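All remarks here apply to the structure that follows.
Nothing here was measured: the structure is a model prediction, and the numbers come from that model.
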Amino acid sequence: MSSVNAPLPLVLAGAGVCLLAGFLVGVVAGPESPAASEALVSSYDPATRQLCLEGEQVAELAGADGDQLCGVWNKGAGSHGPRVGDRFRFLTLQTDSDPGADQPGGVLIYGDVVD
């Protein structure tokens, strides 16, 4: 029996085509990335980080009560507390309560004030 060896450039080209095909399948069939929403700050308590937002886009989100959404704000480094009436761009995450967790379940808000 004899073995057939493919030249190295042909093997590398085939591997590149396979990687490209996998990337394209992932882009087409993969999950959608979340879109940021914008709303107005209706209240903020710095002691508890409880942030309430209101606006049209808020009504469509999980955890909203009408056109108002309240949750715990997870601020980034260097972020300052929002004031009532500020425009706020954000993403939300709905969490379940877990008996062993440090925090109760609810809405987590990630975002910051829009200048």
| request: Under the side chain to side chain contact (heavy atoms under 4.5 Å, CB included) rule, collect the residues that match up with Pro7, sequence neighbours excluded. | output: Pro9, Leu10
| said: Restricting to side chain to side chain contact (heavy atoms under 4.5 Å, CB included), what partner residues turn up for Val11, sequence neighbours left out? | reply: Ala6
| field | Rounded distance (nearest 0.5 Å) linking atom CD of Glu38 with atom CZ of Phe90 | value | 9.0 Å
| said: Filter on disulfide bond (SG atoms under 2.5 Å apart), then keep only pairs touching residues 42-94, sequence neighbours left out; what's left? | reply: Cys52-Cys70
| field | Within residues 61-70 or reaching into it, pairs that qualify as side chain to side chain donor-acceptor pair (under 3.5 Å) - sequence neighbours excluded | value | Ser42-Gln68
| query | For the atom pair CD (Glu54) and OG (Ser43), what is the distance rounded to the nearest 0.5 Å? | reply | 9.0 Å
| Taking the hydrophobic residues Ile, Leu, Val, Met, Phe, Trp and Tyr, and joining any pair whose side-chain heavy atoms are under 4.5 Å apart, which ones share a cluster with Leu8? | Leu12
| message | Same cluster or not: Tyr44 versus Val113, using hydrophobic residues (I, L, V, M, F, W, Y) connected whenever any side-chain heavy atoms lie under 4.5 Å apart? | response | yes
| field | Other cluster members, Val25 - Ile/Leu/Val/Met/Phe/Trp/Tyr, side-chain contacts below 4.5 Å | value | none
| How close do His80 and Asp112 get, heavy atom to heavy atom, and via which atoms? | O-OD1, 4.5 Å
| field | Contacts of Tyr110 that satisfy side chain to side chain contact (heavy atoms under 4.5 Å, CB included) - sequence neighbours left out | value | Asn74, Leu93, Leu108
| query | What is the distance from atom CG of Asp86 to atom CG of Leu51, rounded to the nearest 0.5 Å? | reply | 10.0 Å
| note | So ring-ring contact (aromatic ring centres under 6.0 Å, His included) across residues 49-71, not counting sequence neighbours, yields none
| field | Polar side-chain atom of Trp73 near backbone of Gly111 as donor-acceptor pair, under 3.5 Å | value | yes
| message | Please list all pairs meeting salt bridge (charged side-chain N to carboxylate O under 4.0 Å, His left out) that have one or both residues in residues 6-27, counting only residues at least two apart or in different chains. | response | none
| query | Got a second to check how far Leu53's CG is from Ile109's CD1, nearest 0.5 Å? | reply | 4.5 Å
